[in-house]
Asker: 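Encoded as structure tokens, here's the structure I'll be asking about.
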Amino acid sequence: MVEICAVPVRNLLPRAPDPALARVLALASRVVPGLHGELDGVPRPLALRHGAEADDGAPALQALCRHWAAAHPEAGAHHLALRCWGLAIWQPIYLSVIAAHLDACTPRLAGFTQPVVDGFPRGFQLPDHAPLSGDLSARMTAAAIELRVLCDATRAALTPLVALHPRAADRLQAECVLGALLQVHRHALAWREHEVIALGADWLARLGLTGGCGFFAYRARDGTPALALDRQVCCHHFRRAGGEKCSTCPKLPLDTRIARLLTDPP
């Protein structure tokens, strides 16, 4: 005779994701449409991974480096290193900065996984968890701690693969943080330019990146005050076949950068 044990129905149902974390991911996707996050998704092959499974991320980083080395061999070693570094860190940075300023909590980044398609991280996956909450200063501190751990681990894994100069890596990371803050600024219209500048300096201080990037002020085409990144490192995009210097390339004089910004699409 087979004995049948009654199992409570509630134990068979999947647990609903943490509502605060789900809200943060939806917010990030609205602010940056390509920044799409999933909770507890099945990791894809050759995805960039962080946390307890960081060792599995090395083959993904190797594949990322091979992709960009083959795509633009003419651009040189510095372009390759900064391209791979920037691609590996921009999503967790943007997610963390957006969450800290536009929500009441910020996610932990252990287990952060980034599927890579055709050389680009396409969205991310996170284990379901209760995010970190508190006032703005507490959220910024928590996010900075999470980002330091993730970025330090990523840099340690990437450095043996490419010619990543420490100072250049710091500056590109700082640039990414301030770029995320500018994106938030577009959704926080009550901020004044001096407040954005102060918040940027605060972020970089918490991350140990002081002086790695800044802002410069100019007048937009409609005459309103605007801010742009005062970048301190060149991405070497202009070394690619058909490439040119970016609008805010630090190799360009400031007046040339402003002129280019005024001709960029809005």
Side-chain angles (χ1 to χ4, degrees), residues 32-36 43-50 53-95 112-125 147 150-180 183 209 212-213 228-253 256-257 259-261 263-265:
V32 180
L35 191 61
H36 175 69
R44 300 185 180 102
L46 289 182
L48 301 173
R49 301 164 70 91
H50 169 68
E53 299 165 303
D55 290 343
D56 293 340
L61 281 173
Q62 291 168 5
L64 187 71
C65 295
R66 287 195 301 268
H67 174 93
W68 288 104
H72 297 287
E74 75 285 357
H78 295 303
H79 171 270
L80 174 63
L82 292 175
R83 183 65 167 164
C84 294
W85 171 238
L87 287 172
I89 63 173
W90 85 266
Q91 290 197 123
I93 288 175
Y94 270 65
L95 172 65
F112 193 94
T113 302
Q114 303 181 79
V116 178
V117 180
D118 296 329
F120 290 95
R122 303 287 190 185
F124 62 91
Q125 297 164 306
L147 286 172
L150 184 147
C151 291
D152 287 353
T154 301
R155 186 185 302 201
L158 184 61
T159 297
L161 306 178
V162 293
L164 185 63
H165 191 280
R167 181 175 294 180
D170 283 349
R171 290 176 174 179
L172 187 61
Q173 184 179 344
E175 177 184 315
C176 192
V177 172
L178 298 195
Q183 191 70 26
L209 301 171
C213 188
L229 294 176
D230 188 10
R231 299 166 57 199
Q232 303 300 307
V233 64
C234 177
C235 66
H236 296 272
H237 182 275
F238 73 95
R239 299 187 186 278
R240 291 164 51 161
E244 62 178 354
K245 293 183 175 69
C246 307
S247 297
T248 53
C249 179
K251 292 181 178 292
L252 295 172
T256 302
R257 284 181 261 172
R260 287 198 176 191
L261 286 168
T263 61
D264 282 348

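Just so you know, these numbers come straight off a predicted model, no measurement behind them.
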Asker: Please report the closest heavy-atom contact between P92 and L147, naming both atoms and the distance.
Answerer: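 Heavy atoms only, the tightest pair is O-CD2, 3.6 Å.
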Asker: If I compare all heavy atoms of A163 with all of A77, which pair ends up nearest, and what's the gap?
Answerer: CB-CB, 4.2 Å
Asker: Who pairs with P166 by side chain to side chain contact (heavy atoms under 4.5 Å, CB included), at least two apart in sequence or on another chain?
Answerer: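 Partners of P166 under the side chain to side chain contact (heavy atoms under 4.5 Å, CB included) test: R155.
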Asker: Is R171 reaching over with its side chain to a backbone N or O of R231, donor-acceptor style, under 3.5 angstrom?
Answerer: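 Judged by distance alone, no pair lies under 3.5 Å.
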Asker: What distance separates D170 CG from L209 CG, expressed to the nearest 0.5 Å?
Answerer: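 Rounded to the nearest 0.5 Å, the CG-CG separation comes out at 5.5 Å.
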Asker: Given L82, which of V162, L87, L172 fulfils the side chain to side chain contact (heavy atoms under 4.5 Å, CB included) condition?
Answerer: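 With L82 as partner, V162, L87, L172 yield a single side chain to side chain contact (heavy atoms under 4.5 Å, CB included), made by L172.
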Asker: Keeping E175 on the side-chain end and G212 on the backbone end, is there a donor-acceptor pair under 3.5 Å?
Answerer: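 Answer holds: no.
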Asker: Nearest 0.5 Å, please: how far is CZ in F124 from NE2 in H36?
Answerer: 8.5 Å
Asker: About how many Å separate CD of Q173 and CG of L178, when rounded to the nearest 0.5 Å?
Answerer: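 It comes to 11.0 Å.
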Asker: Tell me the closest heavy-atom pair linking I89 and C151, and the distance in Å.
Answerer: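 Closest approach of I89 to C151, heavy atoms only: CG2-SG, 4.1 Å.
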Asker: Tell me, please, which residues at least two apart from F238 pass ring pair (Phe, Tyr, Trp, His ring centres under 6.0 Å).
Answerer: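 For F238 there are no ring pair (Phe, Tyr, Trp, His ring centres under 6.0 Å) partners, ignoring immediate neighbours.
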Asker: Would you call the rings of H79 and H72 parallel, tilted or perpendicular if under 30° counts as parallel and over 60° as perpendicular?
Answerer: perpendicular
Asker: Please give me the minimum heavy-atom distance between L150 and H50, naming the atom from each residue.
Answerer: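 Here L150 and H50 meet closest at CA-CE1, 3.3 Å.
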Asker: If you take all heavy atoms of A157 and L61, which pair is closest and at what distance?
Answerer: CB-CD1, 3.5 Å
Asker: Quick one: are P115 and Q125 in side-chain contact, heavy atoms under 4.5 Å?
Answerer: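 They are in contact (side-chain heavy atoms under 4.5 Å apart), so the answer is yes.
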Asker: Test side-chain contact (heavy atoms from CB on, under 4.5 Å) on K245 and H237; report intermediate values, then the result.
Answerer: CA-CA 7 Å; K245 293 183 175 69; H237 182 275; over 6 Å; no
Asker: Please report the closest heavy-atom contact between L64 and G119, naming both atoms and the distance.
Answerer: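 Minimum heavy-atom separation between L64 and G119: CD1-O, 3.3 Å.
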Asker: Can you tell if the side chain of R239 reaches within under 4.5 Å of the side chain of H78, non-hydrogen atoms only?
Answerer: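 They are not in contact (no side-chain heavy atoms under 4.5 Å apart), so the answer is no.
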Asker: Are V32 and W90 side-chain neighbours, meaning at least one heavy-atom pair lies under 4.5 Å?
Answerer: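 Contact flag for V32/W90 side chains = yes.
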Asker: Treating Q114 as the side-chain partner and L48 as the backbone partner, does any N or O pair qualify as donor plus acceptor under 3.5 Å?
Answerer: no
Asker: Assess the residue pair R257 and D230 against the criterion (side-chain contact (heavy atoms from CB on, under 4.5 Å)); give the C-alpha distance rounded to whole Å, side-chain angles, the decisive distance to 0.1 Å, and a yes or no.
Answerer: CA-CA 10 Å; R257 284 181 261 172; D230 188 10; 3.3 Å; yes
Asker: Please tell me if the side chains of P59 and L46 come closer than 4.5 Å, counting only heavy atoms from C-beta onward.
Answerer: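 With C-beta onward as the side chain, the pair touches.
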Asker: Please check if the side chain of T263 supplies one atom and the backbone of R260 the other of a donor-acceptor pair under 3.5 Å.
Answerer: yes
Asker: Does the side-chain contact (heavy atoms from CB on, under 4.5 Å) test come out yes or no for L158 and C65, once each step is laid out?
Answerer: CA-CA 9 Å; L158 184 61; C65 295; 3.6 Å; yes
Asker: Quick one: pull up SG in C235 and NZ in K251 and give me the separation to the nearest 0.5 Å.
Answerer: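 Answer rounded to 0.5 Å: 10.0 Å.
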Asker: Does the side chain of V177 come within less than 4.5 Å of C213's, by heavy atoms?
Answerer: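 Answer no - side chains too far apart.
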